[in-house]
Amino acid sequence: MKLSVGHLYPELFNLYGDRGNVQCLLKRLQWRGIEADVIPLPAGEKVDFAGLDIICWGGGSDRGQEIAAGHLKAIRADFQSYVEDGGVVLAVCAAYQLLGNYYRTEKRTIEGLGILDICTEWKTERLVGNVVLESPSFPSLIVGFENHAGRTEIGDYMPFGKVLFGHGNTGNDGYEGLIHKNLIATYLHGPLLPKNPEVCDWLLERALRRRYGREIALEPLPDVQEHRANRNIVERFTDCRKKTDASCLGKSL
Ligand code: GLN
């Protein structure tokens with residue numbers, strides 16, 4: 001078995017070590033004896049979506065987004081077909097915004113791919129800090145770090161998580177990111193996957209199912225360090241401080 005992970009525009013989008021997500025995907029496959037390769041997809045080059053099982057796209061500056069926007073039209077149709085066909089995607093922050101219709105900053109409007117019917121508006125006050133989320137899709141709480149000026153309205157999409165601590169999509173709607181088919185879009189850096197191994201495995205299981213046309217259960221991993229890192233953030237920033245807190249049972253404590 002083998003999966004190919006496409007790393008989109010790695011030269012423009014690697015805020016807060018987002019490329020660690022790619023490393024995490026590879027490592028968790030290798031630990032289970034599954035082969036994996038990484039295909040860097042630099043801006044301006046042709047992308048063979050049929051050969052990809054997971055696309056990882058990280059966060060970046062407004063300037064990086066402007067540069068990328070000039071290359072998006074060329075990949076738009078194939079990227080959209082990939083997503084609608086269940087292709088697996090992890091898009092962080094700037095990438096999340098670029099999957100939508102536009103990101104309007106104080107100076108200009110950066111046109112996005114329009115694969116997600118969402119819009120992002122810039123505001124002076126940045127939303128910065130640690131984040132803790134709760135999601136019915138994952139048994140553990142999700143932790144990460146956000147730093148964005150954009151506010152994203154997600155309409156009817158399913159959120160990635162409910163904000164227990166932090167700001168999330170708009171700073172006031174109580175939700176963070178979104179899930180559409182096998183795509184997760186989120187503001188969470190960290191990088192996200194090493195501290196949230198269940199999110200990593202969610203992506204891997206979907207990619208394996210799509211490539212091989214059947215359920216492939218991933219061997220469980222001990223994840224001792226991973227859960228310790230996750231719990232450290234949860235305990236610092238939420239009320240889930242005591243192991244006995246009933247509302248936190250089953251949530252990584
Ligand atoms: N430039 C975007 C914003 O500030 C995205 C930032 C990021 O990727 N962290 O909203």
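Remember, it's 1-based here, ligands and their atoms both numbered in the order they're listed.
- For the side chain to side chain contact (heavy atoms under 4.5 Å, CB included) test with Phe160, the passing option among Ile154, Leu178, Val199 is Val199; the others fail.
- The protein heavy-atom contact nearest to atom 5 (C) of ligand 1 is Gly60 O, 3.4 Å.
- Residue contacts with ligand 1 leave out Glu146, since none of its heavy atoms falls under 4.0 Å from the ligand.
- Remark: ligand 1 and His148 share no N or O pair separated by less than 3.5 Å (distance only, no angle test).
- Heavy atoms from other residues, nucleotides or ligands lying under 6.0 Å from CD of Glu111 number 12 at most.
- Listed by atom number, the atoms of ligand 1 under 4.0 Å from Ala149 heavy atoms are 3 (C), 4 (O), 10 (O).
- Of the protein's non-hydrogen atoms, Cys93 SG, 2.7 Å is the one closest to atom 7 (C) of ligand 1.
- Using a non-hydrogen distance threshold of 4.0 Å, Phe13 does not register as a contact of ligand 1.
- When only interatomic distances are considered, the shortest N/O to N/O separation between Ser61 and ligand 1 does not fall below 3.5 Å.
- Among Lys195, Lys27, Arg28, the single residue meeting the salt bridge (Lys or Arg N to Asp or Glu O under 4.0 Å) criterion with Asp223 is Arg28.
- Close contacts of ligand 1 with Gly150, meaning ligand atoms under 4.0 Å from a residue heavy atom, involve 3 (C), 10 (O).
- Taking the ring axis of Tyr82 as reference, the NZ or CZ atom of Arg210 stays within 45° of it and closer than 6.0 Å to the ring centre.
- For Lys123 and Glu106, the salt-bridge test fails: no basic side-chain N is under 4.0 Å from an acidic carboxylate O.
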Just list the side-chain donor-acceptor pairs under 3.5 Å for residues 49-60, sequence neighbours left out, or say none.
| residue | atom | partner | partner atom | Å |
| --- | --- | --- | --- | --- |
| Asp53 | OD1 | Arg211 | NE | 2.6 |
| Asp53 | OD1 | Arg211 | NH2 | 2.9 |
| Asp53 | OD2 | Ser4 | N | 2.7 |

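- Taken from CD1 in Ile75 to CG in Leu113, the straight-line distance is 5.5 Å, to the nearest 0.5 Å.
- Ligand-side atoms of ligand 1 in range of Leu15: 7 (C), 8 (O), 9 (N), range being under 4.0 angstrom from any heavy atom.
- Across Tyr96, Trp122, Tyr103, heavy-atom proximity to atom 3 (C) of ligand 1 is greatest for Tyr103.
- The distance from ligand 1 to the heavy atoms of Gly59 drops below 4.0 Å at these ligand atoms: 8 (O).
- The pair Glu176-Lys162 fails the salt-bridge criterion, with no side-chain N (NZ, NE, NH1 or NH2) lying under 4.0 Å from an Asp/Glu carboxylate O.
- Using a 4.0 Å cut-off between heavy atoms, Tyr16 makes no contact with ligand 1 at all.
- Using cut-offs of 30° and 60° for the angle between ring planes, the Phe145 and Tyr16 rings count as perpendicular.
- Atoms of ligand 1 lying under 4.0 Å from at least one heavy atom of Asn147, given by number and element, are 6 (C), 7 (C), 9 (N).
- With respect to atom 1 (N) of ligand 1, the closest heavy atom belonging to the protein is Asp62 OD1, 2.4 Å.
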